[in-house]
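Structure, as structure tokens:
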Amino acid sequence: MGKLGEAGLAATAGPARTLGMEGECRASQARSWGLPAGGAGRDSPGGDAPLPGSISSSALLQTEVLDLDEDEDDLEVFSKDASLMDMNSFSPLMPTSPLSMINQVKFEDEPDLKDLFITVDEPESHVTTIETFITYRIITKTSRGEFDSSEFEVRRRYQDFLWLKEKLEEAHPTLIIPPLPEKFIVKGMVERFNDDFIETRRKALHKFLNRIADHPTLTFNEDFKIFLTAEAWEFSSHKKQGPGLLSRMGQSVRAVALSMKGVKSRPEEFMEMNNFIEIFSHKINLIDKISQRIYKEEREYLDEMKEYGPIHILWSASEEDLADTLKSVASCIDECCKATEKRMSGLSEALLPVVHEYVLYSEMLMAVMKRRDQIQAELDSKVEALTSKKADTDLLTEEIGKLEDKVECANNALKADWDRWRQNMQNDIKSAFTNMAEENILYYEQSFVASGSFPVSWLFASGGQSTGGSFIFSISPSSEYSGFISFRIYWFDFAVQGTLKSLLQYHSSKTSILWHSAFFMVQLSHLYMTTGKTT
Amino acid sequence: MEQAAPDPERLLQPAPLEPLSHPDTGLESVVGEEVKGARDEGPGDGTMTESNFSLKKIEISVSEAEKRTGRNAMNMQETYTAYLIETRSVEHSDGQSVLTDSLWRRYSEFELLRNYLLVYYPHIVVPPLPEKRAEFVWHKLSADNMDPDFVERRRIGLENFLLRLASHPILCRDKIFYLFLTQEGNWKETVNETGFQLKADSRLKALNATFRVKNPDKRFIELKHYSDELQSVISHLLRVRARVADRLYGVYKVHGNYGRVFSEWSAIEKEMGDGLQSAGHHMDVYASSIDDILEDEEHYADQLKEYLFYAEALRAVCRKHELMQYDLEMAAQDLASKKQQCEELATGTVRTFSLKGMTTKLFGQETPEQREARIKMLEEQIKEGEQQLKSKNLEGREFVKNAWADIERFKEQKNHDLKEALISYAVMQISMCKKGIQVWTNAKECFSKM
């Protein structure tokens, strides 16, 4: 694949990590449920300025870093035996459900003034003699005057998105450009273009464009407009303009040297910002790992549960009296499985993509910080030159004047964008976690209903130990669950004191709540149950 | 394919079958209600008769477990666990209990008791002991026999075993069982003196050997199939359950990490900080809630395990029937061939090939006196054989009758217990869901306040 920009990356990508490591880790007796602490977070992606595909190279870096941190002390070890890190066997791949997501991009600033609507859909595979690649259809609807028409439809590939990002970064070095999804997913990928991967990428690209559209400055960027509207030939000829790869690489080499200087003279507020970014980056990476791990554990739980239910059915075939009970347990378990699937798909839509986007954002922020530092460093080096050399003082002073303006512009742009970004981040994180909590609540509610629907006739029949006493039982109303589920209250006369008593006695020795909490749900032929949500 | 010759000495002495002579009264003996549950940590009821046949209600509990060191048979140091068995007799009128006996026993003594019962009550489905080694272990559980959780579960299992014995209409009257509960010293010697090991039919242990039985009772064949199925399905279930428990543990525990990270993150956030911090606390609560949940589930698993082991006991009874039937058929066959031999000698016709016939041909005819002697011997043997066959037949029928009675009792017990266990499983699930709803509702509130 001799494509420009991708060549270097194809070489560095290396073989996809096999799943062997996961298997090994699973086989080990002891497992840890914790995470590597300390320095195992994401390192800053070298000192590079944005290289084409730099995000993926840092993803590679990250996987290396994780493995090296195997010996780091795990903060929370839940196994009885010594712990083993298997948090390393991790894929940043975001598994998604086949449910398609409608444009659900919410932005806090100027929601009423949104006049640019973009969708990314219909991935299509293209095969040429040199390569295979995917294009995505981009539909733009707008009422803006500067656009020639009100509706546009174009096809773009990932490379084109990369180009756009680079142009935006060039034009606005200290603005927080939205992140692109990774170029490659190293771990767990056998095929570059499996359906999940494409779908995840599509959604992320959709988000990328919409975030740009909602950014007060970036939305008016010329390259952005061309990206959305230009026909294929027009677009490729436009792309060819501008500095080539070599000059960009030259820039970045210089930038590395400069950025070192810039750090020293960083103003206070940017020191704070940098501090925040570092810590945030570390935490969000951990959260990304935790969330992915939870998803993985849930998947495996689901797989086992799927095997668990049918065994009861198998058993019921050789029983007479017990057959019904066994079948009911089996159907309970099946309901649980369905609820788990639903929870998983909810998480993969609401939580995982958001957290992962902010992982990428944190990298972006570091790059922005560096760029700011570079600009500062340029100024500083000129100032230094002025104080040391005596020659060309006039020229230097003029340059310094320009650079001072540049620095001031850059700083102000960053400050303003920073506040905006913080606000957005807060909202996004808040809603992502609220959704996660919601998914879990729904899951438990669904399982609750399933487990509770055991026919009460058993209690009458089992053991036949009628003692002649009567026993009154009640079900608590819905107020405990803030209106999510409501039941009618029933009163029963039980003749089977023996069974319930022994049952509850057994439990009461372990969990004293059971006897009094009246969670015990029974279903009669006329049991009526409503499930409703009150917000 | 073993084909051991039936050994008359291996026949059980009539004495141990004594309890069978009153099967009806045995079944009607008082069975305490708590015993049916038989998993209470409190004491259970049972009836016991001493050698002077005074009925009294007693309560049995295995209340403590203690680690001990001592010297074993090979004079080597070993560590083992001893269990305290307390027996209380309950006065009928006021229900007050008085501690009558308390002694310490170790697992191997329980095994000895059970092996004794297996030999002397082959027609009874003898309650099983809790597992010797921890099986169906999932990740967090230890397979170590000294592990305190394992010891605790074993204590409960041993108590359950004793309660089952005490509530069994026939087994509860056994002298050795009574001594097990009351006589600390010398009990082992007493058991060994009964010579039960000699009486044990070694063929019962060879479960894989097949005996060609022509006319087994069909019900026992079916029962054997059932017990095989039961064993296989319960072990499969327990295996998968252990894996499910493992995964569920994982899901919950990983959430605990959120707590830590949220709290660290909250340090740099101004507005979000409080929400994050308190949400993190709920994540910790969530993560730690799984421990209790799975502990309860472990009890459920133990209930299933008991019936997994019961399946073996069932199979042993079927096996015994098979062997008895086999012995019977062999005896009948032997008798028939002797009768034939006799007939041949008497009439002088040789219908079948026999060694005697060959040697006669080779070494000359035998004298009439020799022939008379042989016929007489055969006639005696035939008489003996007929007697034996009669008694074997009687034994066989008695066995079938009594075994089937106990099997019916067992079936009812099994259905009741397993139904209860399954319901309790559903109850546990409900409890888990309830906790989950609570935690996540709290967490959601915290998140929405961020």
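Reminder, nothing fancy here: chain letters follow the sequence lines and each chain counts from 1. No hydrogens, no waters, no symmetry mates; every other heavy atom, side chains included, goes into these values.
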Original post:
Of the backbone (N, CA, C, O) and the side chain (C-beta and beyond), which part of B/L276 lies under 4.5 Å from a heavy atom of chain A, both, or neither?
Top reply: neither
Original post:
Any Lys/Arg nitrogen of B/E298 or B/R241 sitting under 4.0 Å from an Asp/Glu carboxylate oxygen of the other?
Top reply: yes
Original post:
Just checking, is any N or O donor in the side chain of A/S451 or B/Q429 under 3.5 Å from an acceptor N or O on the other one?
Top reply: no
Subject >> Region of B/Y226 in contact with chain A, defined by heavy-atom distances below 4.5 Å >> reply: side chain
Original post:
Does the distance from a Lys or Arg side-chain N to an Asp or Glu carboxylate O, for B/E152 and B/R155, drop under 4.0 Å?
Top reply: yes
Original post:
Quick one: of A/M305, A/E272, A/M436, A/E298, who has the most non-hydrogen atom pairs under 4.5 Å with chain B?
Top reply: A/M436
Original post:
Looking at the rings of B/F262 and A/F433, which for Trp means the six-membered one, are their centres under 6.0 Å apart?
Top reply: yes
Subject >> Electrostatic pair A/E319-A/K327, nearest N-O below 4.0 angstrom >> reply: no
**OP:** Pick one of side chain, backbone, both or neither for B/H255, based on which atoms fall under 4.5 Å of a heavy atom in chain A.
**Re:** both
Original post:
Given that the side chain runs from C-beta out, which part of A/F280 has a heavy atom under 4.5 Å from chain B: side chain, backbone, both or neither?
Top reply: both
Original post:
Is it true that B/D291 and B/K253 have a side-chain N and a carboxylate O under 4.0 angstrom from each other?
Top reply: yes
Original post:
Any idea which of A/C336, A/A437, A/A432, A/A317 has the most non-hydrogen atom pairs under 4.5 angstrom with chain B?
Top reply: A/A437
**OP:** Can you tell which part of A/I284 gets under 4.5 Å to a heavy atom of chain B, answering side chain, backbone, both or neither?
**Re:** side chain
